[in-house]
Amino acid sequence: MATASTSSQKKNQRTLRIFILLLLFLFTLFILSRDALEPQLSIYRDLFVQTRPPSSLNLPLRSTETLISADPELDDNAVALIGKNGLNTSPENPISSKVNLEDETSANLSLADGNDASLDAPASSKSNLDGEFHEKSTTKEHPTSSKSDFGDKDTGKEAPVDGKETSSEGLFSSESGNDNEVRKDSTSSSQSDDDLSNTKREKEGPVSEIYSEDFALWKGCDFYKGKWVKDEQYPIYRPGSCPYVDEAFDCQSNGRPDSEYLKWRWKPDGCDLPRFNATDFLVRLRGKRLMLVGDSMNRNQFESLLCILREGLHNKSKMYEVHGYRITKGRGYYIFKFEDYNCTVEFVRSHFLVKEGIRINAQGNSNPTLSIDRIDKSAGRWKRADILVFNTAHWWTHGKTARGQNYYKEGNYIYPKFDAVEAYRRAIKTWSKWVDNNMKRGKLIFYRGYSSAHFRGGDWDSGGTCIRETEPVVTGSILDSYPLKMKIVEEVIQEMKVPVCLLNITRLTNFRKDGHPSVYGKNVTGGRKVSAKRQDCSHWCLPGVPDAWNELIYATLVAGQGSLMKHY
């Protein structure tokens with residue numbers, strides 16, 4: 001019996017040893033194979049501590065990522081996703097560098113404007129702040145695209161931009177809170193950081209990363225004091241590639257023989273602007289309405305904005321005017337929908353921002369009037385926008401506006417004679433009071449400054465010319481000139497309750513006598529030269545100078561300078 005018991009114990013001990021060895025073997029396999037098994041078995045992620053690598057927002061930049069938002073892992077005042085410009089390998093030649101260009105030929109031009117249209121459009125939605133630190137990337141991109149067929153778009157519906165009132169902080173975020181597109185923390189997701197990164201990359205383009213140092217630099221940088229430098233990556237979009245440039249601004253298609261005017265980039269003295277990123281701009285606009293209100297100079301900027309944002313679209317057919325309108329100078333209201341981002345970019349024509357009218361004189365004839373104490377009739381539309389860009393200037397130097405005889409009106413009284421500069425001051429104050437009374441602080445409001453004209457030998461209506469101007473101004477009094485109207489605007493904005501950002505592009509446009517259509521505001525047909533007596537030396541060729549104005553809007557969003565709006 002003892003022998004049988006001892007034999008049984010030895011057998012059990014041997015079985016136990018074999019079992020333990022088998023467990024050790026399986027555990028060793030477990031250790032060695034966890035990396036291969038981990039993507040399939042999420043339980044392993046709970047057993048082994050992982051160090052989370054920094055993830056990236058995969059937004060394409062021609063040079064660098066530039067966004068600002070708050071990281072939930074940092075304190076409330078910490079800044080994440082703050083930009084460092086990528087390396088620019090092209091030389092930055094000063095504006096005085098010589099450009100050799102061919103002489104221009106002549107063509108005719110039309111400067112007329114038409115009547116307004118009356119349309120409505122919907123409201124906006126809120127964005128959430130979310131972001132992470134990124135490392136430096138020297139990747140450069142310069143997207144270009146071919147012209148799409150404007151007529152193929154679905155244009156039968158109004159642009160629905162649904163959601164709640166937006167906050168001012170939300171306007172600076174590049175991440176939207178809509179639907180399921182808010183990024184999830186990788187520690188609570190079954191998808192790895194690499195998988196998330198690849199998914200984002202496929203959706204929004206290659207990664208471009210940034211540093212935080214430039215944020216402090218941007219905060220103290222005067223974006224409007226600087227110079228134009230040559231940049232071979234410019235223009236942002238190819239001439240002739242954008243279907244939203246109307247004939248009056250399409251200089252290359254209209255026969256302008258030189259092209260070096262397209263290759264200048266605005267550079268502030270104290271910093272570099274964030275490289276323009278159309279995709280990031282669109283992400284910041286998600287669920288919002290951006291509206292430009294003003295004269296044909298704002299239409300010039302509006303067309304530029306459509307073209308540079310179009311560069312960020314993978315499917316360009318998802319950008320369209322909601323009523324199917326082609327852009328012409330005869331129509332005064334446009335709504336362009338960016339379907340993938342549920343946002344709109346709109347233009348409302350308002351020559352003076354105050355109300356134009358008609359009076360009937362003693363002979364029964366009708367004469368125009370301008371009520372400098374009443375806001376323009378289109379103001380109801382302005383309330384619906386989240387970001388607004390206002391301007392008025394050039395019409396104050398024309399005809400009856402400049403003469404001021406039986407034209408300016410306050411209440412029911414028409415002044416027999418009134419000074420145009422004082423009328424401008426009162427009109428801007430009327431606009432500022434309306435903004436203070438009707439605009440909530442959650443909106444972002446820009447006032448774009450006076451855009452310089454470059455007529456030689458006369459004004460726009462008296463034989464002034466700018467043909468054969470192929471280089472920026474290098475020296476001269478025009479570089480330091482600053483209109484009285486701009487001083488008035490600055491004074492009025494300083495007194496406003498609602499913050500307004502002065503997009504002060506006056507001095508940067510002083511340089512650019514080479515950027516106007518001159519005689520290339522209209523096609524030359526049949527090889528015949530047209531009259532050069534009426535030239536356009538006020539508006540700008542596209543691509544061209546207005547692209548820089550929109551780059552400054554983007555830089556304001558990225559650098560957070562919108563919070564300093566009253567101090568421009």
Side-chain angles (χ1 to χ4, degrees), residues 66-69 121-129 159 161-178 223 274 276-294 298-299 301-306 308-309 312 319 333-338 341-348 350 353 378-391 431 434-435 438-449 493 496 498-505 546 549-566 568:
T66 46
L67 8 148
I68 294 185
S69 39
S124 60
S125 68
K126 187 174 182 178
S127 290
N128 297 331
L129 293 170
V161 185
D162 304 319
K164 300 178 181 178
E165 180 97 21
T166 186
S167 68
S168 59
E169 289 82 1
L171 293 170
F172 298 98
S173 172
S174 64
E175 283 294 322
S176 171
N178 293 349
F223 285 167
F276 184 79
N277 180 352
T279 301
D280 180 40
F281 201 149
L282 285 166
V283 170
R284 293 171 188 275
L285 291 181
R286 193 188 302 279
K288 301 182 181 70
R289 299 178 63 176
L290 190 159
M291 182 180 291
L292 294 95
V293 181
N298 251 20
R299 180 167 58 83
Q301 183 178 1
F302 167 69
E303 294 178 21
S304 162
L305 184 58
L306 294 178
I308 61 178
L309 290 180
M319 169 190 178
Y333 188 36
Y334 296 98
I335 305 173
F336 273 81
K337 177 75 179 285
F338 292 80
Y341 297 89
N342 190 35
C343 65
T344 62
V345 175
E346 307 173 28
F347 171 69
V348 177
S350 177
L353 301 180
S378 65
R381 296 177 183 144
W382 310 350
K383 295 180 182 180
R384 307 186 192 111
D386 301 292
I387 305 174
L388 293 114
V389 183
F390 292 98
N391 97 291
W431 165 81
W434 184 92
V435 169
N438 292 276
M439 294 284 102
K440 297 180 181 177
R441 287 186 176 267
K443 297 179 186 289
L444 180 56
I445 303 171
F446 292 90
Y447 186 97
R448 181 181 57 72
I493 287 177
M496 293 176 68
V498 173
V500 172
C501 176
L502 179 57
L503 196 67
N504 198 347
I505 53 88
W549 308 348
N550 291 316
E551 288 184 271
L552 286 164
I553 290 178
Y554 175 70
T556 302
L557 295 177
V558 168
Q561 286 201 6
S563 62
L564 307 176
M565 294 179 223
K566 291 191 74 172
Y568 271 93

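All values below come from the heavy atoms of this structure, side chains included, with hydrogens, waters and symmetry mates left out.
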Mind checking the [atom1]-[atom2] spacing from [X] to [Y]? Nearest 0.5 Å is all I need.
{"X": "E551", "Y": "F223", "atom1": "CD", "atom2": "CZ", "value": "11.5 Å"}
{"X": "I493", "Y": "L502", "atom1": "CD1", "atom2": "CG", "value": "4.5 Å"}
{"X": "F302", "Y": "E346", "atom1": "CZ", "atom2": "CD", "value": "8.5 Å"}
{"X": "W382", "Y": "L353", "atom1": "CH2", "atom2": "CG", "value": "5.0 Å"}
{"X": "I387", "Y": "I553", "atom1": "CD1", "atom2": "CD1", "value": "8.5 Å"}
{"X": "I505", "Y": "L552", "atom1": "CD1", "atom2": "CG", "value": "9.0 Å"}

4.5 Å side-chain heavy-atom contact, [X] and [Y]:
{"X": "M439", "Y": "W434", "answer": "yes"}
{"X": "V500", "Y": "F446", "answer": "no"}
{"X": "V345", "Y": "I335", "answer": "no"}
{"X": "V435", "Y": "L388", "answer": "no"}
{"X": "I445", "Y": "P499", "answer": "no"}
{"X": "M319", "Y": "L309", "answer": "no"}
{"X": "D386", "Y": "L290", "answer": "no"}

Open item on the list: Both conditions, 6.0 Å and 45 degrees, for the charged tip of R448 above the ring of F390: are they met here?
Closed with: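 Relative to the ring axis of F390, which defines the angle, R448 lies outside at least one limit.
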Using modelled atom types and a 3.5 Å cut-off, is there a donor and acceptor pairing between side-chain atoms of [X] and backbone atoms of [Y]?
{"X": "N298", "Y": "V389", "answer": "yes"}
{"X": "K288", "Y": "R284", "answer": "yes"}
{"X": "K337", "Y": "N342", "answer": "no"}

Task: Residues N504, Y447; criterion side chain to side chain contact (heavy atoms under 4.5 Å, CB included); working and verdict - done: CA-CA 8 Å; N504 198 347; Y447 186 97; over 6 Å; no
TODO: Begin from the C-alpha positions of F281 and N277 and carry the test side chain to side chain contact (heavy atoms under 4.5 Å, CB included) through to its verdict.
DONE: CA-CA 6 Å; F281 201 149; N277 180 352; over 6 Å; no
Check [X] against [Y] and note the closest heavy-atom contact, atom names and distance.
{"X": "C501", "Y": "T556", "answer": "SG-CG2, 4.2 Å"}
{"X": "C343", "Y": "G287", "answer": "CB-N, 4.0 Å"}
{"X": "A278", "Y": "G312", "answer": "CB-N, 3.4 Å"}
{"X": "R289", "Y": "R384", "answer": "NH1-CB, 3.1 Å"}

- [ ] Sequence neighbours left out, what passes side chain to side chain donor-acceptor pair (under 3.5 Å) with E303? Give chain and number order.
- [x]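 Residues passing side chain to side chain donor-acceptor pair (under 3.5 Å) with E303: R299.
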Task: Those residues that, when tested against W549, pass side chain to side chain donor-acceptor pair (under 3.5 Å) (two or more places apart) - done: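 Not a single residue meets the side chain to side chain donor-acceptor pair (under 3.5 Å) criterion with W549.
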Open item on the list: Would M496 and W431 count as a side chain to side chain contact (heavy atoms under 4.5 Å, CB included) here? Give the steps.
Closed with: CA-CA 10 Å; M496 293 176 68; W431 165 81; 3.9 Å; yes
- [ ] Mind running side chain to side chain contact (heavy atoms under 4.5 Å, CB included) on V558 and D280 for me, showing each step along the way?
- [x] CA-CA 9 Å; V558 168; D280 180 40; 4.2 Å; yes
Open item on the list: Does the plane of the ring in F276 sit parallel, tilted or perpendicular to the ring in Y554? Use 30° and 60° as the thresholds.
Closed with: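 Aromatic pair F276/Y554 classed perpendicular.
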